[in-house]
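Start at 1 and go down the list; that is how both ligands and their atoms are numbered. The first residue in the sequence is number 1, and the count goes up from there.
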Amino acid sequence: MRPQYFLSALALAGCASAETHEQGVGVVDSGTGGTEDSGSGSGVPQDAPTSGGPDSGPGPCTVTTRDLLMNGTFEGAGTGWTAVPIVANDPLVGDNSGGGIAAHSPTMRAWLGGVAQANATDRLYQDVMVPASTTMLVLTGFYEVRTGESGATVYDTGKAEITTTAGTSIEVIKALDNAQKTTTWTSLDHPFTNLAQMKGQTVRVHLTTTNDGLNATSFYFDTLHLNATVCE
Ligand SMILES: [Ca+2]
Ligand SMILES: [Ca+2]
């Protein structure tokens, strides 16, 4: 009897202790969870969710996109841009009151070329600093090519590209010529692939054109944006 009583007492005790243990585990669990939560929470409360930025790369950061170009719509006339025209004092930026086509974003646009003269070059450029933390860089905008030439032979050319400030090409955005004339504003959407050569550097957004001595070709640009996605 005594052993049975003892066993049943043990069983009861075991039951009781088991329940206690379960509760204990529960308490330990919530305690551990609480400790971990409050631990990382007390570290940097706002960073804990951001460090869910294994998605966004090493270390917490804030992802933003900003336009690196000044006056990409040319509404500020030539502000922010340097013009090197074949015709002296031609700003290469303006409205269509002096000829040419109407702007994409009213009322001004860049107009290069349009001069039938051997080796007539126009250049319009702007230097921009590409943040070292840039993860994506995209140029968007619009262009038009209007020409007095006909046929598929290339006589007059234009180019939008990123160069060094010394003029060495880093990446061509769009190569244009008289054989690829347009009849309406045509969109540009160029994600750069040579980003490694641009990050942390001052680079040049470069529009250049060349005409020969016959049948002028005009190259127009407007509503340009150089959007950098940065993580910082
Ligand atoms: Ca414009
Ligand atoms: Ca020509």
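- Side-chain polar atoms of Asp156 and Thr217 form a donor-acceptor pair below 3.5 angstrom.
- A cation-pi arrangement is absent between Arg109 and Phe74 under the rule of less than 6.0 angstrom and at most 45 degrees off the ring axis.
- More than 12 heavy atoms of other residues, nucleotides or ligands shown are found within 6.0 angstrom of CE on Met129.
- Here the Ca ion (ligand 1) has protein N, O or S atoms under 3.0 Å from it, and they come to 7.
- The closest side-chain heavy-atom distance from Ile101 to Asn96 is not below 4.5 Å.
- The Ca ion (ligand 2) is closest to atom OD1 of Asp212 (considering only N, O or S atoms).
- In terms of distance to the Ca ion (ligand 2), the nearest N, O or S atom of Asp156 is named OD2.
- When atom types are taken as modelled, the side chain of Asn71 and the backbone of Ala77 share a donor-acceptor pair closer than 3.5 angstrom.
- Between Glu161 and Arg123 there is no salt bridge, since no side-chain nitrogen of the basic residue lies less than 4.0 Å from a carboxylate oxygen of the acidic one.
- Thr223 and His104 are linked by a side-chain donor-acceptor pair at a separation below 3.5 angstrom, with hydrogens and angles left out of the test.
- Shortest distance from the Ca ion (ligand 2) to Glu149 is reached at OE2 (N/O/S atoms only).
- Among the atoms of Leu214, an N, O or S atom falls under 3.0 Å of the Ca ion (ligand 2).
- No side-chain donor-acceptor contact under 3.5 Å links Gln126 to the backbone of Thr82.
- Residue contacts to the Ca ion (ligand 2): Asn215 brings an N, O or S atom closer than 3.0 Å.
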